[in-house]
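Input: a single structure, listed below in C-alpha cells.
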Amino acid sequence: MMEIRTPKTGKAKRVLEKRAPKLVETGKKTLILHGTKTSATVSSVLMELYRLKKGGAIKYSRRNENIRPFESGGETSLEFFSQKTDCSLFVYGSHTKKRPDNLVLGRMYDHQVYDLIEVGIENYKSLLSFSYDKKFAPHEGSKPFICFTGEGFENVPELKHLKEVLTDLFRGEVVDNLNLTGLDRAYICSAISPTKVFLTHCALKLKRSGTIVPKMELVEVGPSMDLVIRRNRLPNESLKKEAMRTSKDNPKKKVKNVDQDAVRGKIGKIYMPDQKLGEMQLPDKSKGVKRERKEGKLKKHKEESASKKKKNSSDSEKIPTDAE
C-alpha cells in the first residue's frame with residue numbers, strides 16, 4: 001500500500017499548491033531527454049530547443065535506456081521524470097538505424113502520457129549557420145507568433161495532431177493582453193506534403209510605416225528543419241474526456257442568451273410574453289379617450305345647434321302676418 005505523506009512545512013505546502021490543478025493554468029514546462037543513442041543532429045536540436053524555451057524547460061543530458069514511449073511499460077520512467085520536474089510536455093531524442101534522427105513529442109495529463117507524435121529530422125540548419133544583425137535577436141521569454149500555412153493542417157489528421165503539439169510546445173504562457181514591442185519572434189510551419197512540415201524560427205523586425213501600426217519584416221535566425229511524420233498515438237476517449245472536463249465554478253461561464261457577432265458586436269435575446277392587447281384596459285385619463293370625448297361633445301353640440309336653427313325657422317313660417 002502506498003504511503004500518503006502530508007506537508008509539514010510552509011515551503012512544502014506552497015510547492016503542493018503550485019502543482020495543484022487550477023482554473024487558469026500557467027505556462028507549461030517542457031522536459032528534454034536523450035535516448036540510448038543520439039546523433040550530433042539530435043543533440044544539437046535538443047540543445048537549441050532548450051535555448052528557445054529557456055526558463056520554461058528542463059534538460060537532462062544523461063542517456064536513458066528504459067524510455068520507449070510507444071511500447072507498453074516503456075513510459076514508466078518518463079512519467080516518473082514528469083512527476084519529479086512537474087513538466088506537462090516532453091521532447092525525447094534518439095537515433096537508430098531504423099529511425100535515424102528521431103524526435104518524439106508528447107503531452108502529459110496528471111503525469112500520464114496523453115498523446116505522442118514521432119517525427120524525423122531532415123535538412124537541419126543550426127542557429128550558428130545564420131548570419132544576421134544581433135540587435136534583432138529575440139529576447140529571452142518573449143511571446144512568440146506561430147503561423148501554420150497549408151491546407152494539410154486542416155485536412156490531414158496527423159498534421160492536425162502535430163499542429164496541436166507544436167502550439168503547446170512553443171506558445172509559452174497564456175496572456176490576455178500583449179504589447180506589440182514584446183512580440184519579437186515567430187515560428188513558421190509550412191505543410192510541404194501530408195507527411196512533411198518545414199519549421200523555421202524568425203525574428204520580427206519593426207519598421208516605420210507612416211501609421212500607428214508598424215511594418216513588420218521577418219529575419220530568419222534559426223534553427224530550421226524539416227519534420228517528417230513517422231508514428232503518432234492519439235489519447236484514448238476516457239483520458240481525453242477527463243482532460244477536457246472543466247470546473248462548474250469557471251469565472252468565464254457563458255452568459256445565457258448573449259452572443260458575439262463579428263459585424264454587429266454583442267447581441268442579446270430577451271423574453272417577451274404575450275401582451276394580449278385585446279384584453280388590456282386603457283386608463284381613464286388617456287389622451288385618446290379624452291380626444292374622442294371632446295370630438296363627441298363638439299359633434300353633439302353642432303347637431304343640437306343645427307336642430308335649434310331648423311326649429312326656429314319652422315316656427316317663423318307658422319306665425320301669421322298683419323297683412324293676412
Side-chain angles (χ1 to χ4, degrees), residues 30-54 57 59-61 63-64 67-71 74 78 89-107 115-132 138 144-171 185-203 218-234:
T30 305
L31 178 65
I32 300 175
L33 298 169
H34 290 257
T36 307
K37 292 182 180 180
T38 55
S39 62
T41 301
V42 172
S43 299
S44 179
V45 170
L46 294 178
M47 180 56 70
E48 297 208 352
L49 283 176
Y50 175 69
R51 288 173 181 169
L52 292 175
K53 290 184 63 66
K54 196 170 184 181
K59 184 178 181 297
Y60 287 164
S61 58
R63 296 178 180 179
N64 298 277
I67 297 178
R68 295 177 181 87
F70 283 93
E71 298 180 10
L78 189 61
L89 297 166
F90 70 89
V91 180
Y92 176 75
S94 61
H95 178 76
T96 60
K97 186 177 180 180
K98 188 177 180 180
R99 295 184 179 88
D101 299 332
N102 197 55
L103 278 183
V104 179
L105 310 175
R107 295 180 288 182
D115 59 353
L116 298 167
I117 186 163
E118 186 181 61
V119 294
I121 303 169
E122 293 181 358
N123 303 324
Y124 171 68
K125 293 181 181 179
S126 66
L127 190 140
L128 299 175
S129 62
F130 292 89
S131 59
Y132 58 93
F145 176 81
I146 307 174
C147 178
F148 293 93
T149 59
E151 296 180 356
F153 289 113
E154 302 297 332
N155 303 329
V156 183
E158 290 80 6
L159 291 181
K160 289 174 70 175
H161 187 197
L162 180 62
K163 177 183 176 181
E164 293 177 3
V165 175
L166 289 178
T167 302
D168 273 351
L169 181 65
F170 291 124
R171 72 175 179 176
R185 69 174 69 204
Y187 295 101
I188 311 298
C189 304
S190 304
I192 302 173
S193 68
T195 58
K196 184 180 285 190
V197 172
F198 172 68
L199 171 66
T200 186
H201 176 226
C202 299
L218 294 177
V219 180
E220 195 170 7
V221 297
S224 69
M225 65 194 87
D226 291 338
L227 303 178
V228 182
I229 298 176
R230 290 173 178 168
R231 293 183 292 178
N232 74 318
R233 190 179 80 188
L234 297 173

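Just so you know, these numbers use all the heavy atoms, side chains as well, and skip hydrogens, waters and symmetry mates.
- Using bins of under 30°, 30° to 60° and over 60° for the plane-to-plane angle, the ring pair Tyr187/His201 lands in the parallel bin.
- Residues Thr149 and Ser190 share a closest heavy-atom pair of OG1-OG, 3.0 Å.
- Looking at Glu48, its side chain does come within 3.5 Å of a backbone N or O of Leu127 through a donor-acceptor pair.
- Distance check: Asn123 CG to Met225 CE gives 11.0 Å after rounding to the nearest 0.5 Å.
- Residues Val91 and Leu169 have side chains in contact (heavy-atom distance under 4.5 Å, counting atoms from C-beta outward).
- A search for side chain to side chain contact (heavy atoms under 4.5 Å, CB included) contacts involving Thr195 returns Ser193, not counting sequence neighbours.
- Contacts of Glu164 classified as salt bridge (Lys or Arg N to Asp or Glu O under 4.0 Å), with partners at least two apart in sequence or in another chain: Arg107.
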Query - Ile146 and Leu166: CA distance, side-chain angles, deciding distance, side-chain contact (heavy atoms from CB on, under 4.5 Å) verdict - result: CA-CA 9 Å; Ile146 307 174; Leu166 289 178; over 6 Å; no
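- The shortest distance between side-chain heavy atoms of Leu116 and Phe90 falls below 4.5 Å.
- Within a 6.0 Å radius of CZ in Phe70, more than 12 heavy atoms belonging to other residues, nucleotides or ligands are found.
- Listed here is the closest heavy atom pair of Arg63 and Thr36: CD-O, 3.2 Å.
- When side chains are defined from C-beta on, Glu158 does not count as touching Pro194, because their heavy atoms never get closer than 4.5 Å.
- One distance of note links CG of Leu162 with CD1 of Ile229; it measures 5.0 Å at 0.5 Å rounding.
- In terms of heavy-atom proximity, Pro223 sits nearest to Tyr124 at CB-CE1, 4.0 Å.
- Rounded to the nearest 0.5 angstrom, Tyr50 OH and Ser61 OG are separated by 10.5 Å.
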Report task. Kindly determine whether Leu52 and Arg185 satisfy side-chain contact (heavy atoms from CB on, under 4.5 Å), including the steps that lead there. Result -> CA-CA 10 Å; Leu52 292 175; Arg185 69 174 69 204; 3.9 Å; yes
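- Checked by atom type and distance alone, the side chain of Asp101 never pairs as donor or acceptor with a backbone atom of Gly120 at under 3.5 Å.
- Under the 3.5 Å distance criterion, the side-chain polar atoms of Lys59 are left unmatched by any main-chain donor or acceptor of Leu49.
- By the 4.5 Å heavy-atom criterion applied to side chains, Leu78 and Tyr92 are not counted as neighbours.
- When all heavy atoms are compared, the tightest approach of Glu220 to Cys202 is CA-SG, 4.0 Å.
- Arg230 pairs by the side chain to side chain contact (heavy atoms under 4.5 Å, CB included) definition with Arg99, Pro100, Asn102, Glu118, not counting sequence neighbours.
- Taking 4.5 Å as the limit, every side-chain heavy atom of Phe130 sits out of range of all side-chain heavy atoms of Val221.
- Residues Leu159 and Val197 have side chains in contact (heavy-atom distance under 4.5 Å, counting atoms from C-beta outward).
- A donor-acceptor pair under 3.5 Å is formed between the side chain of Thr167 and the backbone N or O of Lys163.
- Closest approach of Pro144 and Arg171 over heavy atoms only: CD-O, 3.8 Å.
- In this structure, the separation between CG on Leu218 and OG1 on Thr200 is 9.5 Å, given to the nearest 0.5 Å.
- Contact annotation: the side chain of Pro157 never approaches that of Asn232 to less than 4.5 Å [non-hydrogen atoms, C-beta and beyond].
- Listed here is the closest heavy atom pair of Val42 and Gly93: CG1-CA, 3.7 Å.
- At distances below 3.5 Å, at least one donor-acceptor pair connects side-chain atoms of Ser129 with backbone N or O atoms of Ser126.
- At a threshold of 4.5 Å between non-hydrogen side-chain atoms, the residues Leu103 and Leu46 count as touching.
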